[in-house]
Amino acid sequence: MAISEEKKIILAQWLLDPEKQQVVPKDLPTLEAKLKEFGLFVIYETIELPLAPILEEMQKTGIKVDVKVLEKLSKTLAAELNNLEKEIYDKASAPFNINSPKQLSEVLFDRLKIDATGIPKRKTGARSTDVETLLKIKDRHSVVAALLKYRELFKVFSTYVTPLKEFVLASKDGRIHTEFLQTSAATGRLASQNPNLQNIPIMSEWGKKIREAFVPEAGYTMLALDYSQIELRVLASVANDTKMIEAFKEGLDIHKLTAANVFDVPVEKVTSEQRQLAKTLNFGVIYGMGADAFAKTSGINREEARTFIEEYFANFADIKRWHEKTIAAARETGYVENLNGRKRWLPGINTANRRFASEAERAAINMPIQSLAADIIKLAMIKVADWLKKDKLTRQVRMLLSIHDELLFEVANDKLKAVQPKIQEIMESAYTLKVPLKVDVASGKSWAEV
DNA sequence: CGCATACGCGCC
DNA sequence: AAACGGCGCGTTTGCG
């Protein structure tokens with residue numbers, strides 16, 4: 001499948017400047033010369049160009065949705081929301097627009113006189129009404145529990161159930177055809193829109209119910225393969241951290257090992273609380289998290305948070321050095337890049353405004369990790385698609401979705417047993433890091449089951 | 001009336 | 001008080 005010149009131009013322009021900070025050439029020959037000059041031609045030719053027709057094919061394929069499941073869900077939610085609405089008006093002694101944060105904050109803090117001390121202000125000065133705030137004041141008024149429930153259900157109803165129903169009905173073939181965006185994320189990740197199928201709920205009980213609506217075609221089975229801790233593996237490899245590399249090579253529980261190091265206890269003595277804290281630390285390091293954010297998400301005070309972070313960097317010294325090196329390089333050049341040369345310009349990195357500079361520093365830390373993980377899954381998609389074509393399996397195995405570290409397929413039932421380990425193998429060998437890549441596999445009769 | 005913004009929230 | 005990276009999207013609200 002040929003790629004239009006127009007599409008090539010857009011891809012090239014995006015690689016040269018993912019956030020359109022600069023003026024980039026408009027004609028392909030000049031663009032390709034520029035790509036070579038900036039070391040971007042290889043990912044252009046070996047990743048982005050081959051990926052484009054694969055994404056087109058996935059969009060055309062779509063994913064089957066059982067509308068009846070959604071319709072049933074819709075009715076249940078509508079009824080429940082109706083009850084909650086009445087209960088909230090009753091407890092607030094007056095009707096108001098629950099979906100308006102402005103009106104809600106007035107009801108809670110002015111009319112019902114709930115104590116607003118310690119409640120964060122939004123940038124407009126309004127008192128926050130987000131979930132975190134509501135949880136804080138849950139014990140102070142009985143309306144709050146109903147509000148939390150309402151928020152959760154309304155989100156599911158308005159963002160997922162209703163629009164998804166519309167999309168299936170509009171498509172005529174019983175399938176939803178999302179659009180994959182190849183040039184919208186500054187890190188090189190894919191995005192999905194109309195509808196976004198990369199943010200379908202999974203955590204809540206309602207998430208499972210929604211995912212039950214995503215089903216394979218008759219005679220096929222859903223197959224999901226996801227990279228286990230890919231970003232942490234990329235971090236270990238990119239920062240060349242001896243201790244973390246060793247842990248992944250040995251197949252150890254990385255969060256438990258982190259806890260053992262940070263809390264200076266034997267691995268077998270690590271408590272579940274310590275492991276959870278270590279897990280937050282590990283993720284925080286990928287995002288360039290500071291002590292305040294860590295304290296907040298872990299429910300500890302700032303001093304403890306500082307101590308733990310210090311302890312973390314004392315143990316994973318190579319990661320600390322990599323952070324410093326990465327930020328220094330970004331200040332020097334004005335951009336960061338991953339191992340494959342993919343770049344992101346950071347205009348804020350040298351500004352005097354600490355807020356913007358810190359924001360750029362966190363992006364600088366995150367980009368080489370997130371973007372290499374994105375490259376790896378893109379390469380895996382290309383290799384899987386090549387294999388399917390070579391083995392004439394394109395009818396029996398359909399790639400449906402790519403969700404950052406996960407690939408979803410529908411596979412003809414009689415091919416499942418053979419195909420599953422093959423795709424797993426392709427994904428695990430798609431890229432060579434200093435640690436092994438691990439892929440978890442699951443299959444089932446709906447997206448909920450995988 | 002359409003559009004941009006603020007707020008809030010789902011996912012990785 | 002906030003400052004944890006990357007997205008897309010629904011509703012409300014203010015503006016032209």
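- In this structure, CG of A/D405 is placed 17 Å from P of C/dC7, rounded to the nearest angstrom.
- Across the protein-nucleic acid pair, A/I200 atom CD1 and C/dG8 atom C1' stand 11 Å apart, rounded to whole Å.
- Across all strands, A/L190 comes closer than 4.0 Å to no nucleic acid atom at all (heavy-atom distances).
- For A/Q22, the CD atom is densely surrounded, since the number of other residues' heavy atoms within 6.0 Å is greater than 12.
- Heavy-atom distances under 4.0 Å link DNA chain C to no residue of residues 63-83 of chain A.
- The pair A/E56-A/K60 does not meet the salt-bridge criterion, since no charged nitrogen lies less than 4.0 angstrom from a carboxylate oxygen.
- Side-chain contact between A/I403 and A/I200 is absent, with no heavy atoms from C-beta onward closer than 4.5 Å.
- You can see that DNA chain B meets the heavy atoms of chain A within a 4.0 Å-exclusive cut from B/dA6 to B/dC12, reading 5' to 3'.
- For residues 287-316 of chain A, the pairs satisfying ring pair (Phe, Tyr, Trp, His ring centres under 6.0 Å) are A/F263-A/F308, A/Y312-A/F316, A/F313-A/H323, with sequence neighbours left out.
- For the side-chain hydrogen bond (donor to acceptor under 3.5 Å, both in side chains) test, residues two or more places apart in sequence or in another chain that qualify with A/T221 are A/N413.
- Backbone-only engagement by A/L181 is indicated by non-hydrogen atom pairs under 4.0 Å involving sugar-phosphate atoms exclusively.
- Using a 3.5 Å distance cut-off with no hydrogens or angles, the side chains of A/N261 and A/T258 do not pair a donor with an acceptor.
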Only distances under 3.5 Å count here; give the side-chain donor-acceptor pairs of residues 64-81 of chain A to other protein atoms, sequence neighbours excluded, each with its distance to 0.1 Å.
from	atom 1	to	atom 2	distance (Å)
A/D66	OD1	A/K68	N	3.1
A/S74	OG	A/K165	NZ	3.3
A/T76	OG1	A/K72	O	2.9

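- No side-chain N or O of A/D17 forms a donor-acceptor pair with one of A/Q21 less than 3.5 Å apart.
- Here the side chains of A/Y227 and A/I376 are in contact, with some heavy-atom distance below 4.5 Å.
- For A/R189 against C/dG6, a side-chain N or O and a base N or O form a donor-acceptor pair under 3.5 Å.
- In the displayed structure, A/R111 atom CZ is contacted under 6.0 Å by more than 12 heavy atoms of other residues, nucleotides or ligands.
- The residue A/I286 sits apart from the nucleic acid: no heavy atom pair falls under 4.0 Å.
- When the C1' atom is used for both B/dG10 and C/dA2, the distance is 23 Å, rounded to whole Å.
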Q. What would the secondary structure line of DNA chain C be in dot-bracket form, counting Watson-Crick and G-U wobble pairs under 3.5 Å, with [ ] for pairs that cross earlier ones and | for pairs with another strand?
A. ....|||||||.||||

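- Less than 4.0 Å separates DNA chain C from at least one heavy atom of each of the following residues of residues 290-299 of chain A: A/A293, A/T297.
- Residue A/I369 is classed as having no contact, given no heavy-atom separation below 4.0 Å to the nucleic acid.
- Among the heavy atoms of the strands lying under 4.0 Å from A/A186 are primed sugar atoms or P, OP1, OP2 only; no base atom is included.
- Within residues 332-360 of chain A, no residue has any heavy atom closer than 4.0 Å to DNA chain B.
- Using a cut-off of 4.0 Å between Lys/Arg side-chain N and Asp/Glu carboxylate O, A/E361 and A/R354 are scored as salt-bridged.
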Q | Contact state string [nucleotides 9-16 of chain C, B base, S sugar-phosphate only, - no protein heavy atom under 4.0 Å] | A | SSSSS---

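- Ion pair A/E132/A/K136 not flagged as a salt bridge, since none of the NZ, NE, NH1 or NH2 atoms sits closer than 4.0 Å to an Asp/Glu carboxylate oxygen.
- Nucleotides C/dG8 and B/dC1 have their C1' atoms positioned 25 Å apart, rounded to a whole Å.
- The residue A/M203 sits close only to the backbone: its heavy atoms come under 4.0 Å of sugar-phosphate atoms, none of a base.
- Side-chain contact of A/R398 with A/Y220: a donor-acceptor pair under 3.5 Å is present, judged by distance alone.
- Looking at residues two or more places apart in sequence or on another chain, you find a side-chain contact (heavy atoms from CB on, under 4.5 Å) between A/V42 and A/T46.
- The line from CD of A/E19 to OG1 of A/T187 is 9.0 Å long, rounded to the nearest 0.5 Å.
- Atom CZ of A/R306 has 12 or fewer neighbouring heavy atoms from other residues, nucleotides or ligands inside a 6.0 Å radius.
- Proximity of A/E48 to A/K378: side-chain heavy atoms (C-beta onward) are separated by under 4.5 Å at one or more points.
- The CZ atom of A/R362 sits 14 Å away from the P atom of C/dA2 (whole-angstrom rounding).
- Evaluation of the side-chain contact (heavy atoms from CB on, under 4.5 Å) rule for A/D115 yields A/T117, A/R140 as partners, not counting sequence neighbours.
- Looking at A/R151 and A/K155, their side chains never come closer than 4.5 Å, going by heavy atoms from C-beta outward.
- Taking atom P in both B/dA6 and C/dA3, the straight-line distance is 14 Å, to the nearest Å.
- A salt bridge links A/R189 to A/E231: at least one charged side-chain nitrogen sits closer than 4.0 Å to a carboxylate oxygen.
- With hydrogens and angles left out, the side-chain atoms of A/T297 and A/T280 include no donor and acceptor closer than 3.5 Å.
- No side-chain heavy atom of A/K325 sits under 4.5 Å from any side-chain heavy atom of A/R321.
- Residues of residues 120-131 of chain A that place a heavy atom closer than 4.0 Å to DNA chain B, in numerical order, are A/R122, A/K123, A/T124, A/S128, A/T129, A/D130, A/V131.
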